[in-house]
Amino acid sequence: MGFSSKKKPNHITDRAADALEKATDSNPSQDDPVPGPSSNPSTNLIINDILLRSVGRLSRLTVEKMVLGRQYGSQFAKDAVENRSIVHTLAAYGVTKVATKSVPGAIAVSSALALKVLFDRSQSRRKARRSGQKVLRKQAKEDSAV
């Protein structure tokens, strides 16, 4: 479980999965097969993983485009969301990994985000808005590296 040798769950997802298992399993003493179309549990796990990641990505992109599209227009939002650099994508993935690995990671990421919001609010609204719009405009250009 997680990254330790302890038998006790130490990962947020371990704890959530155990709680869901206890709440939904009618016979907890018997192991249940991994649900899916194949009789091979490994194949079912891969299928479930691909489906969950695909649905998650589609919903995330849709929400991001919707949020930006309300203020900047749908075409600009589409360009800004779809033209992200690899560095930006990997940074977001890495921060998400840290936030979901453990409670201290979630606290650290939440604290960093709160500090960023406080920093943005400490600057003048025009300056903060101009800075954000500049990054979005640069990101919306296809040949941009942001």
Exercise for the section: Can you see which heavy atom on N40 is nearest to which on S42, and at what distance? Expected result: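 For N40 versus S42, the nearest heavy atoms are OD1-N, 2.8 Å.
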
Practice task
For A77 and G69, work out which heavy atoms get closest and say how close.
Solution key: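 So the two residues come closest at CB-N, 3.4 Å.
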
Any side-chain to backbone donor/acceptor pair from [X] onto [Y]? Under 3.5 Å, distance only.
X	Y	answer
Q139	A80	yes
S110	I107	no
S131	K127	no
N48	N44	yes

Exercise for the section: Find out whether E64 and E82 are in side-chain contact, i.e. whether some heavy atom of one side chain is under 4.5 Å from a heavy atom of the other. Expected result: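 Heavy-atom side-chain distance check fails, nothing below 4.5 Å.
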
Problem - Minimum side-chain heavy-atom gap R60-R57 below 4.5 Å - result: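 Of all side-chain heavy-atom pairs linking R57 with R60, at least one is under 4.5 Å.
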
Quick one: pull up [atom1] in [X] and [atom2] in [Y] and give me the separation to the nearest 0.5 Å.
X	Y	atom1	atom2	answer
L113	L118	CG	CG	11.0 Å
K78	N83	NZ	CG	8.5 Å
S122	D120	OG	CG	7.5 Å
L68	D79	CG	CG	11.0 Å
I50	L45	CD1	CG	10.0 Å
S59	M66	OG	CE	11.0 Å

Practice task
Count the heavy atoms of every other residue, nucleotide or ligand shown that sit under 6.0 Å from CD1 of I86, and state whether that count exceeds 12.
Solution key: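 Atom CD1 in I86 is not packed in, count stays at 12 or less.
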
Exercise for the section: Check the pair K65, R70 against side chain to side chain contact (heavy atoms under 4.5 Å, CB included), reporting the backbone distance first and the verdict last. Expected result: CA-CA 9 Å; K65 289 176 185 179; R70 292 191 127 189; over 6 Å; no

Practice task
Examine V63 and F76 and state if one hydrophobic cluster contains both, with Ile, Leu, Val, Met, Phe, Trp and Tyr joined whenever side-chain heavy atoms are less than 4.5 Å apart.
Solution key: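 The answer is no; the residues belong to distinct hydrophobic clusters.
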
Problem - ILVMFWY network linking L61 to Y72, side-chain heavy atoms under 4.5 angstrom - result: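 Looking at the clustering, Y72 is in the same group as L61.
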
